[in-house]
Student: 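Below is one structure. I have some questions about it.
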Amino acid sequence: MEDARFEAEYLVRTLGGLSRADYFAGARIDPARAAKIDAAIARRSEREPAAYVTGEREFYGLAFAVGPAVLVPRPETELLVESALAEPSRRDSRVVVDVGTGSGAVAVAVALAPGGASHVVATEISADALVFARLNARRHSSPVRFLRCNLLDAVARADIVLANLPYIPSGEIDALEPEVSRWEPRVALDGGVDGFTLIRQLVTDCARRVRPRLLALEVGFGQAGAVQELCDDAGARTNLVKDLAGIDRIVCARWR
Ligand SMILES: C[S@@+](CC[C@H](N)C(=O)[O-])C[C@H]1O[C@@H](n2cnc3c(N)ncnc32)[C@H](O)[C@@H]1O
């Protein structure tokens, strides 16, 4: 496994209740906690993601409950939150919509950020994912309105639309690392034959009906050019945002 040493430390410290200093000083762990660590290592050996094993993942400085019903939030997705916060216009009266909210990470982070939005709406097709999203919003006392629907179908107005939709081509999922292909929900990964089925639908709906000030779409490695072209063809002005690895990660499209 990549980062095996770091992951082992993370599991032992988190479940053993140890600080980093205690960990490196060789502090003793009581038998009850040691049993929990053994169980966690057995699960991780089956390639279950560490975040599912501990039940938590940090995103934008906040702890989110996660489990096999939701995608584990990734660090690069924080760029979606930053795209919304960087949008200068009318922060006090704007509606931000997170499409395909999963654990609720993006919606909750925007709702809690000072000046993020006056209203945050989150949509999701999976009822099981919505259980996590609602739990996380409650946990952070974050005023997000959740809607179970396809993409933006139940949304009348949006100033900013943020979306990390499934974008992996169906035929490529099985070749991904087991943590993803075996454990993360298909509905969170599968972007159809070319990966763009849902992105295409969302861009069309934004262009024809919702016309947000900003649509920010997270895309996979090598996909930004094709998605930018989709948005250009739908009459938007577009630009790309790179992630920390220098990969074009967010396509921003504007219709107003
Ligand atoms: C890649 S995951 C992103 C989850 C979360 N936003 C994040 O970034 O961690 C995509 C999410 O979109 C949801 N989804 C898939 N198809 C959808 C659809 N047609 N309408 C709304 N949500 C959908 C999935 O259930 C999943 O939670």
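Numbering of ligands and ligand atoms starts at 1, following listing order. Note that these values count all heavy atoms, side chains included, but never hydrogens, waters or copies made by symmetry. Keep in mind that what you see is a predicted model, and the values were worked out from it rather than measured.
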Student: Do me a favour and list the nearest non-hydrogen protein atom to atom 20 (N) of ligand 1 with residue, atom name and distance?
Tutor: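 Checking every protein heavy atom, the shortest distance to atom 20 (N) of ligand 1 gives Leu151 N, 2.8 Å.
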
Student: Do Ser103 and Leu71 come within less than 4.5 Å of each other through their side chains, counting heavy atoms only?
Tutor: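 No. Closest side-chain heavy atoms not under 4.5 Å.
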
Student: In the protein, what heavy atom is nearest to atom 9 (O) of ligand 1, and what distance, to one decimal place, separates them?
Tutor: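 Checking every protein heavy atom, the shortest distance to atom 9 (O) of ligand 1 gives Pro73 CA, 3.7 Å.
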
Student: Could you find the nearest protein heavy atom to atom 14 (N) of ligand 1 and give me its residue, atom name and distance?
Tutor: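 Checking every protein heavy atom, the shortest distance to atom 14 (N) of ligand 1 gives Ile125 CG2, 3.8 Å.
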
Student: Can you pull out the closest protein heavy atom to atom 1 (C) of ligand 1? Residue, atom name and distance to 0.1 Å, please.
Tutor: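 For atom 1 (C) of ligand 1, the nearest protein heavy atom is Ala188 O, 3.0 Å.
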
Student: Tell me the protein heavy atom at minimum distance from atom 6 (N) of ligand 1, and give that distance in Å.
Tutor: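 The protein heavy atom lying closest is Gly100 O, 2.9 Å.
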
Student: Is it true that Val95 and Leu215 fall in one hydrophobic cluster, defined by side-chain heavy atoms closer than 4.5 Å?
Tutor: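 Hydrophobic grouping puts Val95 with Leu215.
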
Student: For ligand 1 and Pro166, I'd like to know whether there is a polar contact (N/O to N/O, distance under 3.5 Å).
Tutor: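 No; every N/O pair is 3.5 Å or more apart.
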
Student: Judging by distance only, is a nitrogen or oxygen of Asn150 under 3.5 angstrom from one on ligand 1?
Tutor: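 Yes, since at least one N or O of Asn150 sits under 3.5 Å from an N or O of ligand 1.
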
Student: Between Arg44 (side chain only) and Glu48 (backbone N and O only), is there a donor and an acceptor less than 3.5 Å apart?
Tutor: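 Yes, because the side chain of Arg44 sits within donor-acceptor range (under 3.5 Å) of the backbone of Glu48.
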
Student: Run the numbers for me: atoms of ligand 1, each under 4.0 Å from some heavy atom of Cys149, listed by number.
Tutor: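 What qualifies from ligand 1 is 20 (N), 21 (C).
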
Student: Identify whether the distance between the nearest side-chain nitrogen and carboxylate oxygen of Glu124 and Arg148 falls below 4.0 Å.
Tutor: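 No, no charged N to carboxylate O under 4.0 Å.
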
Student: Taking Asp205 first and then Arg209, would you say they form a salt bridge - that is, a charged N and a carboxylate O separated by under 4.0 Å?
Tutor: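 Judged by the 4.0 Å cut-off on N to carboxylate O distance, Asp205 and Arg209 do form a salt bridge.
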
Student: May I ask you to check whether over 12 heavy atoms, not counting those of Arg74, lie within 6.0 Å of atom CZ?
Tutor: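 Counting other residues, nucleotides and ligands, CZ of Arg74 exceeds 12 neighbours.
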
Student: Pull out every atom of ligand 1 sitting under 4.0 Å from any heavy atom of Leu198, numbered as shown with elements.
Tutor: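 The list of qualifying atoms is 16 (N), 19 (N).
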
Student: Indicate yes or no for a side-chain donor-acceptor contact from Arg249 to the backbone of Leu79 under 3.5 Å, with no hydrogens or angles considered.
Tutor: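 Side chain of Arg249 to backbone of Leu79: no pair is present.
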
Student: Between Phe59 and Phe64, what is the ring plane arrangement, given parallel below 30°, perpendicular above 60°, and tilted in between?
Tutor: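 The arrangement is perpendicular - the two ring planes meet at more than 60°.
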
Student: Could you work out, for atom 5 (C) of ligand 1, the closest of Leu71, Asn164, Thr101, Thr77 by heavy-atom distance?
Tutor: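 It is Thr101 whose heavy atom sits nearest to atom 5 (C) of ligand 1.
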
Student: If we only count N/O pairs under 3.5 Å, is Glu124 in contact with ligand 1?
Tutor: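 There is such a contact, yes.
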
Student: Which residue owns the protein heavy atom closest to atom 15 (C) of ligand 1, what's the atom, and how far is it?
Tutor: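 Minimum-distance protein heavy atom for atom 15 (C) of ligand 1 reads Val187 O, 3.2 Å.
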
